[in-house]
Amino acid sequence: MPIQFLPAPVQPTARRLRGWALTDAPALVILGVGLLLRGVSYMPYLMGDSPSSHPAEGFFPIQVWGVIWIVVGLACLAATVWERAAPAAIGAGVGLHAIWAMSFVADSIADHSPRGWLPAVSYASVALLVMWAVWRGSRE
């Protein structure tokens, strides 16, 4: 519904909301919340112990990865108000998703797992959608 058809008292709020929605902030919120929740899921003292399931765990224990995902998620949320941090936060968030995608593809090839590549699709989709949403420029 066009804003001009809304009741007059809510039009200024609707315009501010639309203005915010046309920035990179919504992408940062979505990316940040997703990163935070994934990071929390890697914390055994919060979610219980989980079996090792990711190839990148060979580099760091899953708890360390959890902290990394949480820190990057918080950086994305902070970048919604501190715009100078947005490029680094988006890059880190996209980078984590890309690392996870490549790791699952590599593991699928190395272990000859016929469906091991499937998680990579989700991680790569998030990375590509964020890059598209943020790098396509202003929507006005």
Side-chain angles (χ1 to χ4, degrees):
M1 170 184 294
I3 291 176
Q4 64 267 22
F5 295 124
L6 292 173
V10 298
Q11 286 183 14
T13 302
R15 282 191 177 87
R16 281 192 303 278
L17 180 61
R18 180 180 58 190
W20 177 83
L22 292 173
T23 69
D24 293 338
L28 283 161
V29 169
I30 294 166
L31 183 62
V33 168
L35 288 159
L36 274 171
L37 293 176
R38 180 160 305 277
V40 167
S41 78
Y42 293 152
M43 295 293 150
Y45 53 88
L46 295 175
M47 301 297 289
D49 286 327
S50 62
S52 176
S53 63
H54 193 272
E57 292 175 40
F59 297 106
F60 300 118
I62 197 64
Q63 296 86 351
V64 172
W65 281 115
V67 170
I68 292 169
W69 283 79
I70 289 170
V71 167
V72 173
L74 291 172
C76 286
L77 293 175
T80 63
V81 292
W82 186 36
E83 293 176 13
R84 291 187 62 162
I90 291 168
V94 167
L96 274 175
H97 282 87
I99 288 169
W100 246 236
M102 289 184 290
S103 179
F104 273 113
V105 168
D107 188 58
S108 174
I109 293 168
D111 287 346
H112 305 290
S113 175
R115 294 183 53 85
W117 58 270
L118 194 54
V121 172
S122 295
Y123 289 106
S125 295
V126 169
L128 292 170
L129 282 169
V130 169
M131 288 189 309
W132 169 75
V134 172
W135 292 340
R136 69 186 179 131
S138 175
R139 267 70 92 200
E140 288 195 46

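Keep in mind it's a predicted model, so treat the numbers as computed, not measured.
- When the side chains of ILVMFWY residues are joined at heavy-atom separations under 4.5 Å, either directly or via intervening members, Phe60 and Tyr123 end up in a single hydrophobic cluster.
- Transitive grouping of hydrophobic side chains (ILVMFWY, heavy atoms separated by less than 4.5 Å) brings Phe104 and Ile68 into a common cluster.
- Applying the side chain to side chain contact (heavy atoms under 4.5 Å, CB included) criterion to Ala25, with sequence neighbours excluded, gives Trp20, Thr23, Thr80.
- Taking Leu74 as the reference, Leu36, Ile70 meet the side chain to side chain contact (heavy atoms under 4.5 Å, CB included) condition, with sequence neighbours excluded.
- Shown here are the side chain to side chain donor-acceptor pair (under 3.5 Å) partners of Thr13, two or more places apart in sequence or in another chain: Arg16.
- Residues meeting the side chain to side chain contact (heavy atoms under 4.5 Å, CB included) test with Ala127, sequence neighbours left out: Val94, His97.
- Listed here is the closest heavy atom pair of Ala101 and Ala124: CB-N, 3.8 Å.
- From Trp69, atom CH2 reaches atom CD1 of Ile62 across 9.5 Å, with rounding to the nearest 0.5 Å.
- Atom CG of residue Leu129 and atom CD1 of residue Ile30 lie 10.0 Å apart, to the nearest 0.5 angstrom.
- A donor-acceptor pair under 3.5 Å is absent between the side-chain atoms of Ser103 and the main chain of Ile99, judged by distance alone.
- Closest approach of Leu35 to Cys76, counting heavy atoms only: CD1-SG, 3.8 Å.
- A continuous path of Ile, Leu, Val, Met, Phe, Trp and Tyr side chains, each step under 4.5 Å between heavy atoms, connects Val64 with Trp100, placing both in one hydrophobic cluster.
- The two residues Val67 and Met43 have their closest heavy-atom pair at N-CE, 3.1 Å.
- Nearest heavy atoms, Ala133 versus Asp24: O-OD1, 4.3 Å.
- Note: Leu28 CG to Ile90 CD1 = 4.0 Å, rounded to the nearest 0.5 Å.
- Here the two rings, on Tyr42 and Trp65, have centers that are 6.0 Å apart or farther.
- Linking ILVMFWY side-chain heavy atoms closer than 4.5 Å, directly or via other members, places Val29 and Leu37 in a single hydrophobic cluster.
- The side chain to side chain contact (heavy atoms under 4.5 Å, CB included) test applied to Ser108 returns Trp117, not counting sequence neighbours.
- At least one donor-acceptor pair closer than 3.5 Å links the side chain of Ser41 to the backbone N or O of Arg38.
- Linking Ile, Leu, Val, Met, Phe, Trp and Tyr whenever their side-chain heavy atoms come within less than 4.5 Å puts Val40 and Val33 in one cluster.
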